[in-house]
Engineer: 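Can you read through this structure? Questions will come right after.
Both counts, for ligands and for their atoms, begin at 1 and track the order of listing.
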Amino acid sequence: MCTRYSQDSLTLKKIEEILRSDLSDEIKSVASKVAENRPPSKEEIVYLLGLKDSEERQVLFDLASCVRHDNVGDTIFIKGIIEFSNYCKRDCLYCGIRASSKVQRYRMSPYEIVSTAIEAADYGVDTIILQSGEDPFYTAEMVVDLIKEIREKTHRSVSLSIGERTSEELKAFKDAGASKYLLKEETVNRKIFEKVHGSDYDERISTIKTLVSLNYIAGGGNIIGLPGQTLEDIADDLIFMRENGIKMAGIGPFIPTKDTPLENYPAGSADITLNAYACTRISIPRIQMPSTTALGTIDKNLQYKGFEAGCNVIMVNLTPDLYRKNYRIYDNKRKVEFYETVKDLLDMKKKLTSLIRI
Ligand code: 5AD
């Protein structure tokens with residue numbers, strides 16, 4: 001048997017326990033595949049995504065936790081996010097900062113962005129994420145200068161989450177020192193994507209592939225619970241990430257947002273989101289996977305529950321309060337605050353990176 005696990009690993013022990021139990025054939029088949037370093041099939045992922053509160057769901061979470069432990073350890077990585085502009089040229093139906101939204105717009109100056117990044121590094125976050133709407137105001141040259149200055153002054157990883165850019169721009173950002181880039185596919189179901197996001201499906205998928213080929217630590221991910229989306233679609237998202245060399249996955253439930261065309265649609269399921277975390281961990285064992293703010297917006301404890309389902313990252317929000325309230329991508333967006341998060345995680349006896357200063 002070809003396995004990535006040593007005989008005394010937690011994962012192999014858990015798998016043996018599952019195989020000896022009277023759980024379903026489906027979970028046993030998944031467990032055998034994990035042992036053999038093979039990913040679950042689409043049908044198996046669909047089955048796991050649909051698990052309701054049950055002994056089997058807990059076993060799935062435990063298996064995901066073992067896979068995380070054996071592949072990347074149990075450290076929770078705290079990344080700091082700076083939402084530096086809420087201008088956006090896109091008009092995604094789900095998003096509160098879509099171009100046609102009446103939200104009050106802001107742009108942080110390069111000086112403000114760099115000062116906030118230095119503050120983030122002082123807290124001890126290991127990665128500084130620069131996020132914005134798709135805002136062409138920040139030219140490639142401006143972004144390159146920002147990356148260089150932040151790298152020089154903080155020595156932290158810089159991750160970008162600024163939407164679709166040309167291959168030349170992405171290469172320039174990489175050369176300037178950005179090592180990570182988040183560009184969620186949102187959904188690989190073309191019909192749903194075109195309905196909620198726009199006509200840029202091919203462009204988006206090819207940009208994600210460009211990120212991988214430029215050797216970024218590339219982040220994908222989806223929204224769980226978009227109108228019309230099925231468990232099969234969600235399984236396709238996870239398979240897409242696995243097959244395309246995605247190394248970070250941002251998976252969060254859809255949150256209906258006032259004054260957007262989807263305001264009256266139901267929120268995405270927190271249960272399916274947690275199941276998706278576990279499936280992703282099992283399918284892509286070394287993935288960096290945040291328990292997302294969107295999940296924490298439904299309930300803070302659900303966000304922490306993500307760490308029991310395979311997640312190993314949390315993004316704390318370092319956007320100055322003055323601006324943060326207008327970075328309203330969805331309603332009641334939880335402020336994941338640095339000290340509160342660190343205290344909660346330490347109370348839960350979680351291991352944090354040694355950089356963290358409290
Ligand atoms: N509900 C959930 N997630 C959303 N995003 C934007 N709007 C919503 C919403 N209403 C997510 C998108 C985007 C990320 C920054 O926020 O997935 O990639």
Engineer: Would you please write out the protein residues whose heavy atoms approach any atom of ligand 1 to under 4.0 angstrom, listed by chain and number?
Structural biologist: Tyr94, Cys95, Gln131, Lys184, Glu186, Ile223, Pro253, Phe254, Ile255, Thr257, Ile329, Tyr330
Engineer: In terms of the angle between their ring planes, are Tyr94 and His197 parallel, tilted or perpendicular, with boundaries placed at 30° and 60°?
Structural biologist: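 Tyr94 vs His197 ring planes: tilted.
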Engineer: Is it the case that more than 12 heavy atoms not belonging to Lys148 sit under 6.0 Å from its NZ atom?
Structural biologist: no
Engineer: Can a salt bridge be assigned to the pair Glu16 and Lys13 using a cut-off of 4.0 Å between side-chain N and carboxylate O?
Structural biologist: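 Looking at Lys13 together with Glu16, the answer is no, because their closest N to O distance does not fall below 4.0 Å.
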Engineer: Indicate yes or no: does Lys343 engage Asp347 in a salt bridge with an N to O separation below 4.0 Å.
Structural biologist: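 Yes.
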Engineer: For the side-chain contact (heavy atoms from CB on, under 4.5 Å) test, which of Asp236, Thr207, Asp237 pairs with Glu185?
Structural biologist: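 When Asp236, Thr207, Asp237 are each tested with Glu185, the side-chain contact (heavy atoms from CB on, under 4.5 Å) holds only for Asp237.
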Engineer: May I ask you to check whether Tyr323 and Phe84 place their ring centers less than 6.0 Å from one another?
Structural biologist: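 Not under 6.0 Å, so no.
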